[in-house]
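Residue numbers start from 1 in every chain, and the chains themselves are labelled A, B, ... in the order their sequence lines are given, proteins ahead of strands.
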Amino acid sequence: MGYEEGGIPFMKKKSIFGNFISIMLVICCIGPYLYIFIKTFLQEQGGFTFEYYYKALFATSQFLTQFWKSLLYGIVIVTGQVLVSMFAGYGFAKCYFKGKNIMFMTLMILMIMPVQVTLVPNYMLMHQLDLLNTFYSIAFPAMFLPLGTFIMTQSFRAISNEVIDAARLDGCNLLQTIFKIAVPISKSGLICVILLAFLDSWNMVEQPIVFLKDFHDYPLSVALASIQTSEPAVQFVCCLLVMVPPLFLFTYFNQEIIEGIVIGREK
Amino acid sequence: MKKNTIYIYSLILILLITCTIFSNKIEEEMTLDAVVIKAESSPIRPLHVPIGCLFYDEEGYHLYGIYEGIGWEEGTRVKEIPKSEYEISGNYVVLKQLKTKPVSKNMANGIRNPENGIIEWNIIKTASRHPRVGELVCDYDKASLEEDIYLAIYINGIPKDYNVDPVYGEIIATNDNAILIRYKRAIKPFMAHNVKEMLEVDQTSKLTGENWKLFSISEIEEFLKSMRYIGILGILIISCLVLWVVSCLLAKDKNHYSKYIILNSCVIIGLLVCMIIVIQKIDMPSSLLPTDNIFNFKFYKEEFSAIYDSLKGLDYNMDL
């Protein structure tokens with residue numbers, strides 16, 4: 001087993017080294033966030049202060065207004081994308097219609113394409129609909145992103161047809177089958193769609209810059225870069241603010257995320 | 001884990017909503033009230049403004065202008081005119097010839113009029129308190145005139161050559177360090193800087209900085225009346241927090257107490273709505289607010305201690 005006389009056992013050395021590497025990795029990952037958090041409480045000359053929190057959260061209403069606007073974008077986009085992907089996913093998974101496979105292949109190809117490819121066509125579409133420089137120019141294109149539909153299709157495909165048939169025999173119509181049978185079984189897929197859709201909308205940069213003109217309509221992901229750098233600590237406070245909603249989602253759905261990873265590994 | 005997440009983030013949500021409500025009001029209250037004038041030129045004199053536009057503090061005199069900010073700084077804001085851009089000439093401040101390009105993106109030295117191409121200076125003539133660079137400004141075109149009582153507190157004692165023009169007002173009471181003056185046509189909102197110019201004082205006290213302070217009794221009364229609403233706000237915030245704690249305790253037996261949790265949540269929402277209504281009734285005159293941080297309690301303690309001591313010495317009772 002690699003024991004050394006009078007020394008540290010080999011396996012123990014290996015675990016010490018492994019722990020050391022793990023700690024270094026954790027420091028590298030969490031270090032920047034800790035730095036931001038600590039700097040928001042330190043004055044330039046040294047000393048503890050809440051001044052930067054006052055400047056960001058009380059002295060001006062702009063940061064918080066932009067925060068609520070970003071949250072509204074996120075909630076509307078997530079709700080829209082969940083509804084669209086649920087119905088579309090069920091259609092692709094459990095319904096039979098002509099051209100289904102071709103349409104699904106097209107969906108997969110669109111899913112692989114980066115956002116920048118569809119920016120110009122979306123811009124032209126929004127211009128035709130006279131929705132440019134409005135809330136809907138951001139929300140509508142994001143609601144119909146193909147990734148959510150793909151995830152829900154795969155989740156619904158995992159449900160056996162016998163369960164669906166049994167539900168129909170019990171008198172469930174299509175909507176009842178989707179909401180009462182299919183969705184509860186595919187909870188992990190739904191949570192995945194919610195998380196990905198929210199993170200996508202919370203972190204979006206290109207779409208607001210292209211579709212919106214007014215600075216006050218920008219979400220925080222774009223507006224944050226324009227904060228005066230003469231006081232970086234105020235920017236750090238806004239960074240902490242930006243972290244709040246994604247952190248909430250990850251801590252709330254923590255169990256489901258881990259379960260999904262474990263199930264995937266077992267498969 | 002889920003329950004703890006809900007507890008913590010519901011508190012964060014309540015605090016963020018409270019901060020949003022407060023920040024709107026604080027931004028409104030901390031906006032500087034000012035009178036802005038355009039610098040004029042004449043055949044005798046190039047671009048100039050009256051010397052009364054200068055503000056004095058421990059560091060000397062300052063001249064302030066305004067500019068239109070963009071992005072996060074949107075709105076009319078204060079900028080300081082560099083001393084190299086003007087000089088004092090008798091009873092005027094003469095502005096030197098301007099650079100054609102602005103010094104920085106937001107802070108142009110002057111704004112070019114698109115009709116005639118002339119660069120115009122917008123200078124703060126008077127303000128409710130000493131301006132701070134970068135803060136929001138509200139330009140009062142036409143201030144109203146009402147009767148008011150002013151309290152002048154002299155840190156080093158009343159100067160011997162002190163006098164008040166009987167056309168403007170009369171001295172009601174005086175002692176070694178303070179004077180109460182009744183003004184029949186006092187400018188509203190109160191702008192100490194403007195009133196100091198009207199009062200006849202010696203040039204030494206004007207140029208060496210702050211050794212006397214001027215307050216409006218009506219604004220002090222208005223400020224103190226707002227305290228009751230601030231007290232109500234405090235009660236509302238504490239009630240929200242107490243209800244949150246109670247909801248967290250009840251949530252341990254969710255099935256049994258679900259109705260009470262929903263009721264608590266509705267009451268918290270109601271309290272937040274009440275907060276919005278109550279905060280609209282608060283009106284704190286900007287002349288009595290600190291320059292940098294509205295929660296600078298040391299500033300309030302110093303100012304109101306001086307005011308109360310002076311009013312006690314003058315035997316004057318405010319109408320509250």
Side-chain angles (χ1 to χ4, degrees), chain A residues 43 49-72 75 191 209 212-218 220 222-231 234-235 237-238 240-259, chain B residues 1-32 68-75 77 79 104-107 132-136 233 237 272 276 279 282 284 286 289-299:
Chain A
Q43 284 177 325
T49 181
F50 285 113
E51 179 196 344
Y52 304 118
Y53 283 91
Y54 170 79
K55 283 183 180 171
L57 301 177
F58 288 100
T60 175
S61 59
Q62 285 194 340
F63 300 125
L64 283 169
T65 309
Q66 222 99 351
F67 171 81
W68 294 117
K69 224 172 251 188
S70 304
L71 201 60
L72 184 66
I75 290 169
I191 289 164
I209 289 171
L212 302 172
K213 276 189 207 167
D214 192 5
F215 176 83
H216 290 289
D217 291 333
Y218 286 162
L220 216 47
V222 176
L224 204 60
S226 316
I227 295 176
Q228 266 190 343
T229 50
S230 60
E231 280 187 318
V234 175
Q235 207 169 20
V237 173
C238 294
L240 289 179
L241 199 62
V242 166
M243 281 197 268
V244 167
L247 267 177
F248 165 71
L249 283 176
F250 272 98
T251 45
Y252 189 76
F253 293 121
N254 184 41
Q255 203 175 347
E256 283 84 358
I257 293 168
I258 292 170
E259 275 173 10
Chain B
M1 179 76 169
K2 279 190 194 294
K3 267 189 186 171
N4 291 338
T5 308
I6 294 285
Y7 297 159
I8 294 166
Y9 280 91
S10 59
L11 178 64
I12 291 173
L13 184 68
I14 292 169
L15 291 175
L16 283 176
I17 294 172
T18 310
C19 286
T20 310
I21 297 167
F22 272 66
S23 64
N24 275 306
K25 189 62 182 174
I26 289 172
E27 197 177 34
E28 190 189 313
E29 294 295 316
M30 292 291 278
T31 301
L32 183 73
E68 291 297 325
I70 53 170
W72 288 112
E73 288 193 330
E74 194 163 337
R77 292 184 180 264
K79 63 170 181 176
S104 71
K105 206 165 43 171
N106 291 344
M107 297 172 64
R132 181 173 56 89
V133 173
E135 70 174 330
L136 283 167
L233 263 184
I237 293 167
L272 290 170
I276 297 171
I279 212 166
I282 294 173
M284 298 166 81
S286 67
L289 293 175
T291 318
D292 49 358
N293 184 344
I294 203 170
F295 297 121
N296 185 355
F297 298 113
K298 190 179 164 193
F299 172 87

How far apart are the closest heavy atoms of A/Tyr252 and B/Lys2, and which atoms are they? O-NZ, 2.9 Å

Determine the minimum heavy-atom distance between A/Thr60 and B/Ser23, stating which atoms define it. O-CB, 3.8 Å

Of the backbone (N, CA, C, O) and the side chain (C-beta and beyond), which part of B/Leu136 lies under 4.5 Å from a heavy atom of chain A, both, or neither? neither

Looking at A/Gln62 and B/Glu73, what are the two nearest heavy atoms and their distance? OE1-N, 4.4 Å

As a quick check of understanding, evaluate side-chain contact (heavy atoms from CB on, under 4.5 Å) for A/Trp68 and B/Ile17, giving each step before the final call. CA-CA 9 Å; A/Trp68 294 117; B/Ile17 294 172; 3.9 Å; yes

Answer yes if the ring centres of B/Phe295 and A/Phe58 are under 6.0 angstrom apart, and no otherwise. yes

Under 4.5 Å to a heavy atom of chain B? For A/Leu249 that would be neither

Segment of B/Asp292 engaging chain A (4.5 angstrom heavy-atom cut-off): backbone

Would you mind checking which part of A/Gln66 comes under 4.5 Å of any heavy atom in chain B, side chain (CB onward), backbone (N, CA, C, O), both or neither? side chain

Answer yes or no: is there a side-chain heavy-atom contact under 4.5 Å between B/Leu16 and A/Leu241? yes

About how many Å separate CG of B/Asn24 and OG1 of A/Thr65, when rounded to the nearest 0.5 Å? 5.5 Å

Measure the shortest side-chain to side-chain distance between A/Tyr54 and B/Ile26 over non-hydrogen atoms and say whether it is less than 4.5 angstrom. yes

Less than 4.5 Å apart, any side-chain heavy atom of A/Leu57 and any of B/Phe22? no

Applying a strict 4.5 Å limit to non-hydrogen atoms, the region of B/Ile12 in contact with chain A is side chain

What distance separates A/Phe250 CZ from B/Thr5 OG1, expressed to the nearest 0.5 Å? 13.0 Å

A/Thr251 versus B/Tyr9: any side-chain heavy-atom pair under 4.5 Å? yes

Could you tell me how the ring of A/Phe63 sits relative to the ring of B/Trp72: parallel (under 30°), tilted (30 to 60°) or perpendicular (over 60°)? tilted

Where is the tightest heavy-atom contact between B/Glu27 and A/Ser61, given as atom of each residue plus distance? OE1-OG, 2.9 Å

